[in-house]
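Here's the structure, in structure tokens; my notes come after.
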Amino acid sequence: MVTGVGSVHGSTPPAAPLSDGEIGFAFQARRAALIEQYLTRTDPTNMERGGLHDVALNFAQGTHLEWARSRLRALTAKPTGAMFWMFPMVLTMHAGEPHLNDDDWAVIREAWRTYFPYRGDTENHWLMYYASIYLAAEIWPDLPGSEWYNGKSSAENRAEAKEYLLESIRITTAYGRGEYDSPNYIDPYVSALTLLVGWCRDPELQHKAQMMLEFELLDFAVENIGGIYGGAHSRIYPKHAIQPSLAASTALAWLLWGQGEMQLNGSALIVALSGYTPPPLLQHIATDRSKPYVHRELRRTRWRMRHAGPDAVEIAGLKTKAVYKYSYVTADYLLGSSQGGLLQPIQQQTWSHVWHEDKPLGLSNTFFALHPYFSALEGTMYFGADWDTVVDLIARSKVDYNSPDKLMSGSPHEQVFQHESTLIGLYDIPAGTDFPHINTFFSRDLTHRTEDDSGWIFAQGGESYIAYRPFVAGEWRPTDWTGLLAGGAGAWISSGHTEWGTGHQVYVSESPQNGYIVQIATADDFDSFEAFVNAVKALPFEFSLSPVATASFTTLDGTKLRATYGETPTVNGRRVDYDAWPLFDGPFAQATPGRNEVTLRHGDTQRRLNFRDGSINTTINSDDE
């Protein structure tokens, strides 16, 4: 029997909340432990191994200086990596300043004069680039253009960088980030902002960067489940889609909030060295899952260069489209989604279900589905290459882009709708589309996987029960059925595939009109797994595929959902109001689009960040009501 949909927690009782003082003390202990662990991996006898993060740390700590000087010279002799060289070099210059001698500075100075780093073509590239050049130009504030790789003086470099950084902050806090909520690319955002927080000498820019860092961490905190970044993501790689704990966000969650297990990660190291201490309010928000909640966010697509579409909007002279995010968060799982469509090129994850694990490393605690789409339309929408070559150019670096078994993709033929713990996916795939099928990922770590005669597929992940109803029957295949990643394609992209990529299956359903229903529940809401199965099978459910996919479904709590491809879905007969979608809306965060202001809340504490005037206002309501 159903005992109450949306119970407070599963088998793991919530820990007693820590005081702000305890949170701060524990963070400093983790910070010290991370630095110490990083130091232990330095082999001072091996002058051929070690990157700039390691060099920066050893200069900062005054350890293994002979090794650090040798590696510094090796890594500046013929620099590579563009902005990925710039920001750890800036970390070395600032964090390592007490132990850099005149010869070290001469080597560094020459590198900045002669190496011309590429600015890149993504939001994270530009943020790293401009944060790095700004901080470098502050160290040498009066140099002429002849002393810089780009021919601009120190003052010109600072002015250009500051203008971009402040405009980026303005757009993001008003309309959301285009490269939104990525478990991977939170790393460069946190790295660049923390460098500014820790070492920028300009009071205005340093302060705005600190506010923006808090904004970024809040964005993660509200969709965090046990240290895993849940929900819909703009960009994700195969290994992180399959095993979410491998993403940079999980390493940050351990350092910032004490969740999961320690992992070495560059952005976490920068935080540890910078002197930044996150507000305790963020940890309260990230870890309080005492009550299930809905969280909504408005984000935007990457800037659309062509084919923007009739529903595109213009921001600062650039075309984009709204992304409507919705997450349902409990102590046991997080189900989160966006509306579908081409929201981000190549690596989009439209929706995912992640269940809580105390120690998620090595586990594939996730479930999701997608239409594996690729086209020159998508490529030329977001990139400057021409129609005939863009797909090949993308696939040279993102090797699975045009592979039928890929596990991340946006699609113009997909429409997704979520209400609390229920999700409906609908598809209308035109004839001639290369891959007219849906890939639904089933982890090796699921238990009780059952194909029922009713057409439902059931499984259990952690303390969450999963029901999946494909509209068209399919077949089971291994996740990497083409063998592309197992064969080592893409180098880093496929590295470690034997560990994270094997033993899973995908359910492949092929039909031009298609769809599915997903119903999630907490195990404690039912007397048994069998009770959950019987409850779902008894729910009213209808669907049709002609002329387009349509579904009506009554959820476990009696809510009536209806969705038709190409139309606005309804909840109990009322249309979902996408026009009024908030920038942030949930129990812990609220923000209105266009206002450059966000409010953080937990318990009696309220903290308002006003990016228009730079004010931060924290209040504590002591009323007993």
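Residue numbers start at 1 and run along the sequence shown.
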Would a line drawn from the ring center of [X] to the ring center of [Y] be shorter than 6.0 Å?
| X | Y | answer |
| --- | --- | --- |
| Tyr115 | Tyr149 | no |
| Trp67 | Phe59 | no |
| Tyr129 | His125 | no |
| Tyr237 | Trp492 | yes |
| Phe368 | Trp351 | no |

**Prompt:** So with a 6.0 Å cut-off around CZ of Arg49, is the heavy-atom count from everything else above 12?
**Reply:** no
**Item:** Lys319 NZ: over 12 foreign heavy atoms closer than 6.0 Å
**Value:** no
Any side-chain heavy atom of [X] sitting closer than 4.5 Å to one from [Y]?
| X | Y | result |
| --- | --- | --- |
| Thr173 | Val598 | no |
| Pro278 | Glu214 | no |
| Arg306 | Met381 | no |
| Arg304 | Thr320 | no |
| Phe374 | Ser409 | no |
| Tyr382 | Thr301 | yes |
| Leu205 | Arg158 | no |
| Ser146 | Arg113 | no |

Looking only at side-chain N and O atoms, does [Y] offer a donor or acceptor that is under 3.5 Å from a partner on [X]?
| X | Y | result |
| --- | --- | --- |
| Tyr401 | Glu378 | yes |
| Asn265 | Asp187 | yes |
| Tyr324 | Glu297 | no |
| Thr42 | Asp54 | no |
| Ser494 | Lys239 | no |
| Asn184 | His240 | yes |
| Thr250 | Gln259 | no |
| Glu223 | Ser327 | yes |
| Thr389 | Asp386 | yes |

Solution key, residues 76-87 side-chain donor-acceptor pairs under 3.5 Å, sequence neighbours excluded:
{"unit_1": "Thr76", "atom_1": "OG1", "unit_2": "Leu72", "atom_2": "O", "d": "2.8"}
{"unit_1": "Thr76", "atom_1": "OG1", "unit_2": "Arg73", "atom_2": "O", "d": "3.4"}
{"unit_1": "Trp85", "atom_1": "NE1", "unit_2": "Leu75", "atom_2": "O", "d": "3.2"}

Once you round to the nearest 0.5 Å, how far does [atom1] of [X] lie from [atom2] of [Y]?
| X | Y | atom1 | atom2 | value |
| --- | --- | --- | --- | --- |
| Ile236 | Tyr185 | CD1 | OH | 11.0 Å |
| Leu282 | Asn224 | CG | CG | 11.0 Å |
| Asn58 | Thr63 | CG | OG1 | 3.5 Å |
| Thr479 | Asp405 | OG1 | CG | 7.5 Å |

Kindly give the heavy-atom pair with the smallest separation between [X] and [Y], and that separation in Å.
| X | Y | result |
| --- | --- | --- |
| Ser234 | Glu179 | OG-C, 3.2 Å |
| Leu255 | Ala272 | CD2-N, 4.4 Å |
| Pro360 | Gly260 | CD-CA, 4.4 Å |
| Phe441 | Leu407 | CD1-CD1, 4.2 Å |

**Message:** Test salt bridge (charged side-chain N to carboxylate O under 4.0 Å, His left out) on Asp181 and Arg235; report intermediate values, then the result.
**Reply:** CA-CA 8 Å; Asp181 301 350; Arg235 298 186 65 184; over 6 Å; no
**Prompt:** Does Lys162 pair with Asp202 as a salt bridge, N-O distance under 4.0 Å?
**Reply:** yes
**Request:** Identify, with sequence neighbours excluded, every residue that meets ring-ring contact (aromatic ring centres under 6.0 Å, His included) alongside His64.
**Result:** none
**Asked** So, does Ser154 use its side chain to make a donor-acceptor pair with the main chain of Trp140 at under 3.5 Å?
**Response** yes
**Item:** Plane angle bin for Trp126 and Tyr130 - parallel if under 30°, tilted between 30 and 60°, otherwise perpendicular
**Value:** perpendicular
**Message:** Working note: Glu123 + Arg300, criterion salt bridge (charged side-chain N to carboxylate O under 4.0 Å, His left out); need CA distance, chi angles, decisive distance, verdict.
**Reply:** CA-CA 12 Å; Glu123 278 183 278; Arg300 60 176 177 82; 3.2 Å; yes
